[in-house]
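Here the structure is laid out as structure tokens; the discussion comes afterwards.
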Amino acid sequence: MTPARWSLGPALAVLAVTGVLAFGLSLSLGAAWVSPARWLGEPGLERELVWVWRAPRVAAAFFVGACLSLAGLLFQGVFRNPLAEPYLLGSAAGAGLGAAIALLLPQLLPPAWSLPVMAFLGAWGASWLVLAVGRIGGAWQSARLLLAGVALAAILSALRGLLLMVFGDESTNLRAIVSWQLGGVQTPAVAEVLGFGPWLLLLGWAAWRLAPGLDALGLGDAAAQSLGHRVPRLVAGAVLLAALATALAVSWGGLIGFVGLIVPHVLRWWLGPLHGPLVPACMVAGGVLMVLVDTVARSSMAPSEIPAGLLTAVIGGPFFLALLLWRQDRS
Amino acid sequence: MTRREGLGLLLAAGTGMAPAEPVAGPAGTWPRTLVDALQRSVRIAAAPQRIVTVFPSNVEILFALGLADRVVAIGGRVRHPPEALGKPSVGGALGYSPEAVAAYRPDLLVLTPSHQTALGLVEPFTRAGVPVLMLAHPDLPSVLRNISLVGQATGAEAQAKRLGGQMLQQLEAVRARWQGVPPRSVYLETAAAERGAFQTIGRGHYADDALAWAGGRNVFSDLDGSQQVSAEAIAVRDPEVIISLQAVPKPAASIAARPGWQRLRAVREGRVVVLERGHKLIPGPRQFEAVLDYARALHPERFA
């Protein structure tokens with residue numbers, strides 16, 4: 001029997017406190033330590049360093065983490081498979097391929113738009129392909145969707161690898177591209193940071209609207225159908241929403257695995273299986289986690305940076321394994 | 001001793017192109033045994049007539065030594081010199097096939113240990129008795145040593161000495177242009193994504209040396225080799241000059257437009273220069289041209 005579950009209010013309060021601490025730490029740590037008293041205090045060089053250089057990136061990290069864990073939550077809900085996440089299901093691979101094309105062939109699109117637009121087209125296109133395969137024969141089969149996603153992810157990753165090898169020589173940005181693909185939060189402009197807020201709210205609201213349907217889907221397609229949910233539309237909506245979240249995350253953070261897998265799982269253990277509370281909780285927790293990871297990436301070997309995707313796997317992997325063992329013990 | 005002093009010593013010795021490694025037997029005789037960049041002993045029986053080489057830097061050295069006729073095949077990534085483009089390719093971006101190389105019956109391979117697929121050629125050919133000469137280029141003096149080493153391996157010592165001497169003269173000429181003014185601090189961006197993943201170089205990279213010869217002081221010379229740095233690390237070091245290497249150079253304004261960068265000293269003072277990456281990251285004879293381009297970016301008033 002699992003322990004008593006928390007309700008959303010106290011859980012969000014705990015997450016909010018953790019979040020404030022994480023933001024404070026992240027703003028203070030970097031290529032140089034700046035204490036909160038300094039960045040909250042008198043104007044000066046250090047204050048400028050934090051607010052001009054660090055804060056936008058911290059915001060981007062939160063945004064990336066929130067999008068990734070929301071995408072993971074949606075995919076796991078739709079496919080009723082604990083392994084489902086953007087990286088397994090082709091949408092991240094599609095975003096990665098699109099972004100690689102944008103970075104390798106910069107003359108293709110206006111530079112300001114190439115990366116996010118191509119990442120979005122890649123994630124969107126891959127998700128549509130998976131849905132199309134799942135739809136063949138009329139009946140929806142989650143297992144088939146999942147397999148199609150895994151196969152497509154393999155194909156797209158291979159294409160990306162091929163592109164990198166063929167176009168990667170002295171005359172291209174190879175090192176920057178490889179590093180970005182291992183995960184690296186980019187620094188947005190202040191105006192772009194302000195744009196994150198509405199996006200997050202919109203994504204969260206849309207996901208929250210799907211929550212009852214995803215809960216019903218957890219009981220099986222037939223049960224969901226009988227509860228009055230239009231399963232194909234529900235699945236398509238959730239997958240495309242997850243693709244959108246993945247594309248946004250990839251275009252600002254590169255390819256960062258594990259966040260979309262770990263965060264929804266941990267929160268499900270903590271809050272229970274209902275998607276209503278899980279949507280906001282996952283977004284906040286994923287964002288906070290990513291803020292912490294990016295802080296380590298920026299500051300642990302400053303002035304050098306570590307790709308954030310390596311950190312999520314190296315730190316997140318063992319943490320997740322330990323949690324799995326711990327839960328096994330308790331049950 | 002700094003590397004630059006070391007390079008100067010190499011020149012001052014008059015035998016600037018003196019063998020960097022011991023040569024067995026009197027000069028001009030075969031067989032000869034050389035020690036290559038991996039400290040491997042390489043025995044060459046007679047003046048090589050069928051040379052296979054991969055990587056732009058190695059091809060450029062061989063062609064600059066006037067050995068074009070003796071090069072039978074090259075790696076597929078080479079874009080310079082123009083006459084090299086007609087040579088058959090033994091592979092490239094996707095790897096180098098030992099079988100394709102063997103088909104040219106080479107009597108010398110010249111490689112650089114920077115690519116796993118190229119390393120895959122070392123074992124089979126060494127076992128088959130074909131000498132494999134490995135070149136490395138951690139700094140500018142080693143580029144000159146490579147020229148000397150290839151000269152010894154091919155019997156082109158005289159050309160190597162001439163080429164090396166000429167390169168040093170050109171480097172000294174560039175230095176003479178800016179000497180008298182203090183070096184300027186500089187951030188050299190070797191690659192970047194739009195808003196991050198800023199790649200630069202530190203000590204142990206020939207470009208760090210090249211900057212020093214051009215009158216620059218690399219703000220990241222405390223790092224080793226190729227490194228990624230954060231935007232705020234660049235802001236903290238606030239270089240006087242920013243040099244960005246790009247495949248297809250965009251206007252310098254694109255750098256100033258990066259979030260926050262308009263506050264950097266180099267941007268405020270208009271000292272941002274975007275250069276075509278081209279040969280600047282190829283550690284061959286054209287490094288002199290890279291140094292000249294860096295010097296123009298660092299001390300434009302001296303090159304007016």
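Order of the sequence lines fixes the chain letters, A, B, ..., with proteins taken first and strands second; residue numbering starts at 1 for each chain. These numbers come from the heavy atoms of this one structure, side chains and all, not from hydrogens, waters or symmetry mates. Owing to the predicted nature of the structure, the values given are computational and were not obtained by experimental measurement.
Neither the backbone nor the side chain of B:T200 has a heavy atom closer than 4.5 Å to any heavy atom of chain A. Heavy atoms of B:R237 lying under 4.5 Å from chain A belong exclusively to its side chain. Heavy atoms closer than 4.5 Å to chain A are found in the side chain of B:Q199, but not in its backbone.
Counting non-hydrogen atoms of other residues, nucleotides and ligands closer than 6.0 Å to CD of B:E83 gives a total above 12.
Remark: B:E232 engages A:R298 in a salt bridge, criterion side-chain N to carboxylate O under 4.0 Å.
Closest of all the heavy-atom pairs between A:A189 and B:P259 is N-CG, 3.4 Å. Nearest heavy atoms, B:G260 versus A:W53: O-CZ2, 3.2 Å.
B:F198 contributes atom CZ, which lies 6.0 Å from atom OG1 of A:T187 (distance to the nearest 0.5 angstrom). Rounding to the nearest 0.5 angstrom, the gap separating the CE atom in A:M301 from the CD atom in B:Q228 is 11.5 Å.
Of the listed residues (B:A233, B:A257, B:S230), the one with the most heavy-atom contacts under 4.5 Å to chain A is B:S230.
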